[in-house]
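Below: the structure, in C-alpha cells.
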Amino acid sequence: MLTQAPKGTRDVLPTDSYRWQYVEARMRQAAAEAGYREVRTPVFEHTELFLRGVGDTTDIVQKEMYTFKDKGDRSITLKPEGTAGAVRSFVESGAFNDPMPCKMYYLNAPIFRYENPQSGRLREHHQFGLECFGAKDASVDAELIMLAYRLLGGLGVKNLSVNINSIGCPRCRPAYHQLLRQYLGERIGCMCDTCKGRFERNPLRVLDCKEKKCQEQVKDAPSMLDVLCDECREHFAQLQKYLSLTGIPYRIDSRIVRGLDYYTKTVFELITTTKDGNLTVCGGGRYDKLVEELGGPSLPGVGFGMGIERVLMLLDGEGIVIPEPRLYDVFVTYMGQNDGPAFSLVQQLRCAGLRADMDHCARSLKAQFKYAGKTGAALTATLGDDEVAQGVVKLKNMATREEQTVPVSEAPQAARAMLEA
Ligand code: ATP
Ligand code: MG
C-alpha cells in the first residue's frame with residue numbers, strides 16, 4: 001500500500017520526464033504561434049463551479065468527481081476538466097474588460113475523474129487546453145482545430161481524423177430534444193438506467209452513452225444538423241469554409257455531443273486508430289453561454305482539451321523516438337585525495353553552463369570511468385596526482401577516445417570546443 005501509487009495514477013519518472021518536456025515544448029510553441037498565453041488555475045475549485053459549469057446531468061458530475069469537504073466545511077472538488085476554472089479566473093480577474101478576444105492556454109493541468117482505469121483512461125491525467133473568450137466567429141473554432149491537428153501531426157501522430165458537429169444553441173436545441181425524445185420513446189426501455197434518467201433531463205446525453213446496447217439504439221437517431229436555427233447553420237457553414245481553406249480532412253459526425261453540458265454550436269474531436277480501437281486525443285467546442293452562466297458578462301468562448309498521456313501513448317505506439325537529452329557533458333573522474341579540486345572543477349564547469357558531475361560514492365578511478373560511461377557522459381575530465389600537481393586536467397571524448405590536456409582554468413572552453421567538434 002505504502003509503496004503503491006493510488007489506482008489510476010501514474011508517476012512521471014526522472015528517466016521519462018524528458019518525453020513530457022519535449023511534448024510540452026511543442027505545445028507551448030503551438031499556443032504561442034496563435035497568440036495564446038498561459039494561465040494557471042488551482043487544482044481544486046468550489047464544487048458549485050462544476051455543478052453549474054459542467055452540468056449536473058453529465059457523467060463527470062454524476063459519477064466521476066473527487067469531491068470532499070475541507071476543514072472549513074466547504075465543498076471542494078478536484079478539477080474534473082479545465083474550462084470551468086479558466087472561465088472562473090477570466091471572470092474574477094476582470095480580463096473581460098480588455099480588448100477581445102482573450103486567448104489563454106493551460107499546460108499539464110492535472111484533471112481528476114473517478115473512472116475505471118484501463119488503457120488510456122486514468123483517474124489523474126493531464127491536459128493541454130486552449131480557451132478563447134470574446135470571439136464569436138467560426139474562424140477561431142477552425143484555428144483551434146487546425147492548431148491541434150498540426151501539433152499532433154507535427155509530433156508524428158498518424159491516422160488522425162477530425163470530426164465536427166454542431167449541437168446548436170438554446171434557441172434551436174429544445175426542438176431537437178423533442179425530436180430526440182420522440183425517437184427514443186419506444187427504445188428507451190432497452191437502454192441503460194442512466195440513459196433512462198437522461199431521457200427526461202437531457203436527452204442529448206443519451207447519444208454520448210458508452211454502453212453498447214445504448215449505442216445500438218441511437219444509431220439512426222435524428223440529427224441536430226437538420227434542425228439548426230439560421231444563426232447556428234450559418235456558423236457551421238463558416239466553420240467548414242475555414243476548415244476547407246486549411247486543407248485538413250474533416251468529417252461531419254452528427255453523433256458527437258461531448259461529455260460536457262456547456263457546449264453550443266461547434267463540437268469537435270480528433271481521433272486516431274490504435275491497435276485497441278479508436279482513441280480520442282483531443283476534444284473541444286464552443287460555449288457561448290458559459291461565461292454568463294458562471295457570473296460573467298455575456299461573452300462567447302471556444303476551446304479544447306488534449307490528454308497529454310494519450311498523446312505520449314500514441315507516440316509510443318507508433319514507435320516515435322523522442323530525443324533524450326544528455327545527462328552529463330562532462331564527468332569529472334579523480335583519484336581519492338583529489339576530491340577538493342574535482343569538486344571545484346565541477347562547479348566551474350556548471351558555472352559555464354555545462355552539465356557536469358563527479359563521483360559521490362567513493363568509487364575507484366576505474367569504477368568512475370565505468371559509471372561515467374553508463375550515464376552517457378560525452379567527456380570525462382580526469383584529475384590524477386600529476387594533473388593536480390601541474391594545474392591541468394585531462395579531457396577525453398568518450399566516443400572518439402580523443403584526449404587533450406589543458407590548464408584547469410581553461411577546462412570549460414576546451415570541453416565546449418571538444419563537444420562541438
Ligand atoms: P473520453 O470520450 O475518452 O472519455 P472525454 O470526452 O471524457 O474523453 P474530455 O473531457 O473532452 O474527454 O477531455 C479531453 C481529453 O482529455 C480527451 O480527449 C482525452 O485525450 C483526455 N482524457 C479524458 N479523460 C481521460 C482519462 N480518464 N485518462 C486519460 N486521458 C483522458
Ligand atoms: Mg470521458
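Numbering of ligands and ligand atoms starts at 1, following listing order.
Summarising the contacts of atom 5 (P) of ligand 1 with Q118, M306, R113, E81, the nearest heavy atom is found in R113. Relative to atom 31 (C) of ligand 1, the option among E124, K210, H125 with the closest non-hydrogen atom is H125. Taking only non-hydrogen atoms, the option from G283, G120, G307 nearest to atom 29 (C) of ligand 1 is G120.
The single protein non-hydrogen atom nearest to atom 6 (O) of ligand 1 is R258 NH1, 3.4 Å, given as residue, atom name and distance. Nearest protein heavy-atom neighbour of atom 28 (N) of ligand 1: L122 N, 2.9 Å. The protein heavy-atom contact nearest to atom 20 (O) of ligand 1 is V281 O, 2.9 Å.
For R310, the closest heavy-atom approach to ligand 1 falls below 4.0 Å. Not a single heavy atom of E269 sits under 4.0 Å from any atom of ligand 1. R121 counts as a contact of ligand 1, since one of its heavy atoms falls under 4.0 Å from the ligand.
Checking only distances, I60 never comes within under 3.5 Å of ligand 1, N or O to N or O. Considering backbone and side-chain N/O of L260, none are found under 3.5 Å from N/O of ligand 1.
Counting only distance, with no hydrogens or angles, the side chain of K196 and the backbone of M191 share a donor-acceptor pair below 3.5 Å.
Checking each of E24, H126, Q127 against N108 for a side chain to side chain donor-acceptor pair (under 3.5 Å) leaves exactly one that passes, namely E24.
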